[in-house]
Amino acid sequence: MTSPLRVSAAVADALADGRPVVALESTIISHGLPRPRNLEAAREFEEILRSRGVTAATIAVLDGVPRIGLDAEGVERIASEDMAKASVRDLPILSAKRISGATTVAATAYLASKAGVRVFATGGLGGVHRGAGQTFDESADLSALAISPVAVVSAGVKSVLDIGATLERLETLSVPVIGYRTTNFPSFWLRDSGHTIDWSVDSAAEIAEVMHSQDALGHGQGIVVANPIPLDQQWDPDEHDRVLAQAFAAAEAAGVHGKAVTPFLLGFIVDASGGKSLEVNLDIARNNVRLAADIAIAWSERASTRE
Ligand code: PSU
Ligand code: MN
């Protein structure tokens, strides 16, 4: 059987040569950022990688085919078409129906690992929703990381989620959580969620070392690399708290539930903050793409010097 994935020539060549590659998700572009800033952002994230000599592997399902690495037209499609939000469980359905979908962290991590891409940059991870004790609403991002050996760089999870419960689930799923130069787990727009984590590293090379040890131990999980936004770029904490309270009230009033909750809250927060949260969001993503580039470079250098 031929592979159902289509890996772009640029990504395939880089992987074959042992050059650095970073995966990027498409749900953040299709559903997480407003148009037309989303297209600029998608191009900019790829450009940050390219300027560092790292190959971008933006991942999406186009007409049923999971793509690892998009051309310029593919990037335009994820930014402008109304696509399904695709998690891992949606992949076989999109394939059979030959329809397109923007991949979540879960689906992106899963597809990246299948293609041999080991480093992935995103903004924030999905996690356990508030009230999950009743609704059971927990993002498949967590369970996908339990089966996808990819280091995912994020600024933690948004404070719209239950951060403590999210960290507990990652522990249960045996997914390592490592702070980049911190043991405070970030809450996306803010540097510190109030939750601490056990481990931190000081360099990208150290993360590559953990990835190597993980492989040597036969541990097939992903790694959550928590990369807090620099203090001078974080959102004003008072404004953050005020806007979040409004967003929860609005979601409740609108009766939003299931996988529509995250996009609803994120859209509301962008509007209610007058665009401020969006600027912080973009700074976070850029920052994560840069660290992911450094990790991918360290990973490829490590492989070339030790093999
Ligand atoms: N968190 C963000 N921005 C995002 C998302 C999460 O700060 O755009 C997106 C990611 O694609 C993530 C998905 O994988 O939402 C999680 O959605 P759900 O909770 O429905 O699994
Ligand atoms: Mn959900």
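Side chains are part of it too, since the values below use all heavy atoms of this structure and drop only hydrogens, waters and symmetry mates. Whatever order the structure lists them in is the order used to number ligands and atoms, beginning at 1.
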Check: [Y] and [X] side chains under 4.5 Å, non-hydrogen atoms:
X: Thr182; Y: Ser200; answer: no
X: Val150; Y: Tyr110; answer: no
X: Ile269; Y: Trp189; answer: yes

Within ligand 1, which atoms have a heavy atom of [X] less than 4.0 Å away?
X: Glu25; result: 10 (C), 11 (O)
X: Gly124; result: 1 (N), 2 (C), 6 (C), 7 (O)
X: Lys85; result: 17 (O), 18 (P), 20 (O)

(message) Among the N, O or S atoms of Asp137, which one sits nearest to the Mn ion (ligand 2)?
(response)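 Asp137's closest N, O or S atom to the Mn ion (ligand 2) is named OD1.
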(request) May I ask which of Leu125, Ile29, Asp141 has a heavy atom nearer to atom 13 (C) of ligand 1 than the others do? (result) Asp141
(request) Could you pull out, from Leu266, Leu142, Val128, Thr27, the option with a heavy atom nearest to atom 4 (C) of ligand 1? (result) Leu266
(request) Give a yes/no on ligand 1: does His129 have at least one heavy atom closer than 4.0 angstrom to it? (result)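 Yes; His129 lies near enough to ligand 1 that a heavy-atom distance drops under 4.0 Å.
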(request) With Glu44 as reference, evaluate Arg50, Arg37, Arg290, Arg286 under the salt bridge (Lys or Arg N to Asp or Glu O under 4.0 Å) test and give the passing residue. (result) Arg286
(message) According to side chain to side chain donor-acceptor pair (under 3.5 Å), who are the partners of Asp82, at least two apart in sequence or on a separate chain?
(response)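 If we apply the side chain to side chain donor-acceptor pair (under 3.5 Å) test to Asp82, skipping adjacent residues, the hits are Arg35.
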(message) Please check whether Ser139 reaches ligand 1 - meaning an N/O of the residue sits under 3.5 Å from an N/O of the ligand, judged on distance alone.
(response) yes
(request) Check whether any N or O atom of Thr104, backbone or side chain, sits under 3.5 Å from an N or O atom of ligand 1, and answer yes or no. (result) no
(message) Test your reading of the model: is there a side-chain donor-acceptor pair from Ser8 to the backbone of Leu70, 3.5 Å cut-off?
(response) no
Cut-off 3.5 Å, no hydrogens considered: what does the side-chain donor-acceptor table look like for residues 151-167, sequence neighbours left out?
| unit_1 | atom_1 | unit_2 | atom_2 | d |
| --- | --- | --- | --- | --- |
| Ser154 | OG | Gly156 | N | 3.1 |
| Ser159 | OG | His240 | NE2 | 2.6 |
| Asp162 | OD1 | Gly164 | N | 3.4 |
| Asp162 | OD1 | Ala165 | N | 3.0 |
| Thr166 | OG1 | Val128 | N | 2.9 |
| Thr166 | OG1 | Asp162 | O | 2.8 |

